[in-house]
Amino acid sequence: MNDMKRDNINSTKYDIPPELEGKIAITTLDKIYNWGRRSSVWPMMFGLACCAIEMICTAASRYDFARFGMEVMRPSPRQADLMLVSGTVTKKMMPNVVRLYNQMPEPKYVVAMGACASGGGPFKEGYNVVPGVDRYIPVDVYIPGCPPTPQALLHGLITLQRKIDAQSIKTVRWYRKEPIEAIPVPVLGPDILDPRQVQILKEMAQAKQSEQA
Amino acid sequence: MSDQIATSVLENKIENDLVARFPDYVSLDERKGYSGVLVRPEKLVEFATALRDELGYDYLSSVTGADYLPEGKMETVYHIFKTTGGAGLTFKAQFPRDQAAVPSLFPVFPGADLQEREVWDLLGIHFEGHPDLRRILLWEGFEGHPLRKDWREPFFEDESKPFKNRWPEGRIYRAEDKNSFANNVGYPEDFDPNSWVEDKDARLYESLKRSIRLPASEMDTDIVTVNMGPQHPSTHGVFRMVVALSGETIVSLKPVMGYLHRNHEKIAERNTFLQTMPYTDRLDYLSSMSNNFGYALAVEKLMGVKPPERAEYLRVIMAEFTRISNHLFAIGSLLNDLGAYFTPILYAIEERELILDVFEAVTGSRMMCNYFRFGGVARDLPAGMLEQMRKIAFDRLPGKIDELDLYLTNNEIIRARTEGVGVLTPEQAIAFSAAGPLLRASGVPYDVRRADPYSIYDRFDFDVVVRYHGDAYDRYLVRIEEIRQSIRIIQQALKGIPEGPVQVGKPQYQVRVPTGEAYGRVEGPKGELGFYVVANGKPNPLRYHVRAPSFINLTPYETMCVGNKIADTVAILGSIDIVLGETDR
Amino acid sequence: MDGKGIALGMWVTLKRFVGTFTDDIKWLGKRYYTVDGVAMRKSTEVRGIFTVQYPEEKLPVPEEFRYVPFLVYDEGENGEKQPRCTSCGICAKVCPPQCIWIERTVNPNTGRPVPEPKSFCIDVDICMNCGFCAEYCPFDAIKMDHDYELSVYDRHKKDIYDLTKLLKPVSYYASIRPVNYAREEAAWAKAAHKPLD
């Protein structure tokens with residue numbers, strides 16, 4: 001309720017006569033638009049590993065994130081705004097993560113919670129681990145820690161809210177004229193194959209063939 | 001000391017008896033530090049049948065493999081126990097690396113099903129006679145068998161840690177910058193992206209079709225295949241089930257795992273023994289202290305150290321608090337899945353938060369405790385902590401558990417949804433190697449703390465909780481009652497805890513572990529958690545395997561679900577209580 | 001099946017619900033945003049509302065809490081920083097995921113090592129907060145921090161912590177871990193008074 005106060009919403013250029021203060025607020029469209037969006041971010045129920053337990057504890061009674069408007073955790077990506085990637089992303093799971101990201105409607109945000117989602121974490125050297133989910137999908141906020149305590153996660157979510165506050169309708173991605181491209185889904189071959197990197201593979205195969213020839 | 005001599009004489013007696021009984025194909029394992037018998041691979045099924053029928057060893061607990069590259073051999077290692085209790089037997093089959101094939105033990109012990117698939121997947125040992133030998137933790141097109149000693153991962157830096165390029169000339173770099181794809185990938189030399197075709201789970205669906213058991217009915221109905229996919233609100237993590245339905249009745253079900261396979265065993269082969277301790281926290285991430293306990297027991301068996309008294313009491317107290325915290329979460333999430341959206345889990349998490357406060361104050365972290373060391377625990381309790389633990393165990397928890405019991409156990413909706421659902425008979429439970437509350441709710445009173453006591457559990461007075469119907473409701477009841485028994489143990493331990501040191505000797509980061517193998521097991525909250533460690537004198541282990549109860553408890557999952565409705569899969573999975581970190585390691 | 005079980009369950013829930021209001025009244029409005037209120041909600045006698053309202057009320061972390069590591073420096077007379085680290089490399093060797101990179105300074109004239117780190121980097125995206133580096137450092141130079149408010153927008157620039165970000169004064173360390181600090185100071189003092197063999 002703090003940010004409903006007049007001072008945050010009112011832009012300071014206009015004076016409101018005293019008898020109308022509290023009944024009228026003069027603000028910019030951006031502020032109202034962002035205030036509405038940041039106060040009701042709906043996370044997707046997407047827990048992968050240990051960080052998911054800390055996410056559940058953040059949703060539970062002690063560190064309630066319903067106070068931030070986020071208690072509606074939707075399992076369906078079509079109804080969610082925020083993908084909280086909590087836990088290690090493995091190669092076997094990566095195609096599903098990208099597919100879910102593509103299915104989320106705009107505006108959408110991604111928060112990489114924990115060391116594993118940010119940069120592979122302690123399991124980075126493994127053969128089945130993707131070193132950070134930002135190899136495939138764009139991430140807005142990174143929260144380090146293994147696992148981040150619920151208070152650290154809440155701090156990360158507040159950081160995301162601040163990022164949303166700084167956006168402007170004129171420059172957001174989803175109101176531009178060009179269509180937004182879906183991220184190509186990686187394929188599981190002898191190792192995970194990112195379709196955006198097939199070109200490099202072909203060049204390498206070509207170079208090897210010409211070397212052997 | 002005399003106990004140790006007595007048990008080793010007894011074990012040798014069992015093994016000598018076996019050698020005397022089957023002289024042509026059983027011999028003692030003579031390697032230094034090793035125990036058990038070696039069996040010729042072609043007689044494995046005969047030997048296993050004899051063990052089960054004539055000698056009473058009916059519970060095959062663990063099936064794993066090991067790769068001995070310098071000798072050019074591989075072996076499969078089996079740990080088998082009696083449900084009446086006791087130390088059990090280890091037997092192995094050895095064969096050359098380039099002809100890695102053994103007969104499957106599936107006809108004798110169905111519980112070997114998923115474990116043999118894992119050995120095939122990670123080590124490349126072929127099991128003849130296995131009905132459905134597919135990869136389980138990795139996907140079908142994957143190149144190579146990762147746990148083999150000559151297989152290198154894309155981010156490979158050094159054979160073992162510590163890596164030489166971190167100090168003294170440690171110029172920081174990101175591992176992905178050294179890979180041409182800026183990612184943790186590597187492709188075989190002859191890979192051609194133009195001509196390669198994607199697999200799309202063909203073998204999985206084929207195996208699903210083959211195992212369809214249709215109910216007798218006059219109508220000719222269609223079979224619908226439903227993927228309850230890795231992202232699902234009630235699958236306890238990234239677990240996938242492929243279900244074949246006739247109407248709403250399940251006719252076949254195949255679990256698919258590996259979406260959280262984090263290469264724990266390969267990483268542990270590169271780590272030194274102490275460095276693996278924080279990684280064990282992340283196996284069953286809801287109960288990190290009991291994972292630490294199992295691993296510390298296994299390595300202490302190899303080293304031959306025994307922790308001081310105060311450390312033993314602290315270990316038991318922490319392990320039992322972990323059990324309570326895990327069961328609270330399990331009950332809460334079972335009810336969450338049944339539809340009592342969020343109220344029971346909120347009440348359960350409130351109590352769990354108080355226990356996590358204790359963990360945070362003692363060890364430094366709520367969940368990844370990293371508290372046990374070889375020869376004791378890491379540090380002593382801070383001031384005032386004993387008092388806080390007493391308040392929780394004596395004043396708060398008993399009343400709160402009674403309140404939970406009062407408001408959930410007789411609830412008509414819970415009873416209607418879980419009574420008679422997912423029934424597992426005692427014979428099936430033993431044959432499928434089920435463990436923990438799953439086994440005890442089916443009427444088999446097997447609890448490692450009583451059957452093969454470790455640490456100081458033989459000093460405490462507690463009951464092994466058993467129920468006899470084997471359905472989901474009984475598993476829920478077993479868990480509530482186990483919380484009460486754990487509170488009883490904690491109360492006794494808090495009354496009797498002595499003063500003293502908490503670690504044997506000075507804290508050392510380079511532990512000297514003699515050559516040998518050890519299997520250390522504890523009764524984790526989900527079942528028997530075992531660690532099989534093989535050391536060869538180097539600072540890092542030669543082979544390290546985790547006997548994960550959640551993984552093996554999924555073996556009877558198909559049998560429990562067939563014949564029930566699709567909505568019951570959720571209730572049954574919630575009552576088995578799996579954690580994906582442990583299932584997939 | 002007469003509904004008695006459901007009625008009992010609802011009775012328990014109703015009791016807890018009403019209890020939250022009566023508990024608020026008992027505290028006469030001082031239950032929230034006060035130190036006593038937060039302390040009560042962390043104790044084992046908590047009744048009523050259990051929520052700790054971050055960021056206005058932060059639950060204090062216990063002394064042993066470990067998040068990312070930091071390096072300790074002693075403050076010299078002119079305010080100069082004297083890091084305790086001698087770049088012995090034990091923390092880099094004992095770190096399980098190997099996330100510490102240390103470059104030891106070499107005296108350019110003699111070519112022999114100098115006990116100071118030329119560069120010391122920790123990759124926070126790999127660190128698993130296990131605390132081994134702090135546990136096995138023989139010089140009490142690296143310790144685990146309590147600061148958990150570390151979220152960033154761009155990890156490639158911000159998530160590798162080098163000496164500038166890691167060095168913190170010993171007064172900070174004493175303020176977050178008083179019991180450990182007192183014990184270590186006593187041990188150093190005792191060792192300093194020991195006669196040389």
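Note that the structure is a prediction, hence the values are computed from the model and not measured. Every chain is numbered from 1, with letters handed out A, B, ... down the list of sequences.
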Problem set entry | Heavy-atom side-chain proximity of C:Y153 to A:V141 below 4.5 angstrom | yes

Exercise. Can you name the residues of residues 179-193 of chain A that have some heavy atom under 4.5 Å away from a heavy atom in chain C?
Worked result: none

Exercise. Pick from C:I49, C:L59, C:L150, C:V124: which one has the most heavy-atom pairs with chain A under 4.5 Å?
Worked result: C:L59

For this session: Could you pull out the closest heavy-atom pair between C:I126 and A:K124, with the gap in Å?
Result: CD1-CD, 4.0 Å

Exercise. Quick one: what part of A:L153 sits under 4.5 Å from any heavy atom of chain C, side chain, backbone, both or neither?
Worked result: neither

Exercise. Is any side-chain heavy atom of A:T149 less than 4.5 Å from a side-chain heavy atom of C:F65?
Worked result: yes

Exercise. What residue in A:A115, A:G156, A:G121 has the most heavy-atom pairs under 4.5 Å with chain C?
Worked result: A:G121

For this session: Would you give the length of the straight line joining atom OG of C:S151 to atom CG of A:D140, rounded to the nearest 0.5 angstrom?
Result: 12.0 Å

For this session: Report the C-alpha separation of C:R155 and A:D134 in whole Å, then their side-chain angles, then the decisive distance to 0.1 Å, and conclude whether the side chain to side chain contact (heavy atoms under 4.5 Å, CB included) test is met.
Result: CA-CA 10 Å; C:R155 73 171 179 113; A:D134 57 359; 3.0 Å; yes

For this session: Would you indicate whether the side-chain heavy atoms of A:P148 and C:Y67 approach each other to under 4.5 Å?
Result: yes

Exercise. Quick check: are there more than 12 heavy atoms from other residues, nucleotides or ligands sitting under 6.0 Å from CH2 of C:W27?
Worked result: yes

Exercise. Got a sec: does the NZ of C:K118 have more than 12 other heavy atoms crowding it under 6.0 Å?
Worked result: no

For this session: Determine the option with the most heavy-atom pairs under 4.5 angstrom with chain C, choosing from A:F65, A:Y142, A:F68.
Result: A:Y142

Exercise. C:V68 versus chain A, heavy atoms under 4.5 Å apart: side chain, backbone, both or neither?
Worked result: neither

For this session: For chain A, find which of C:D123, C:D159, C:V61, C:D154 contributes the most heavy-atom pairs closer than 4.5 angstrom.
Result: C:D154

Problem set entry | Under 3.5 Å: donor-acceptor pair, side chain of A:S61, backbone of C:T51 | no

Problem set entry | C:D125 versus A:S118, closest heavy-atom pair with distance | OD1-CB, 3.3 Å

For this session: With a 4.5 Å cut-off on heavy-atom pairs, point out which of C:Y148, C:Y54, C:F50 contacts chain A the most.
Result: C:Y54

For this session: Please flag which part of A:R67 lies under 4.5 Å from any non-hydrogen atom of chain C: side chain, backbone, both or neither.
Result: side chain

Seminar exercise, completed: Interface check, chain A: of C:E149, C:K158, C:Q98, most non-hydrogen pairs under 4.5 Å belong to C:E149

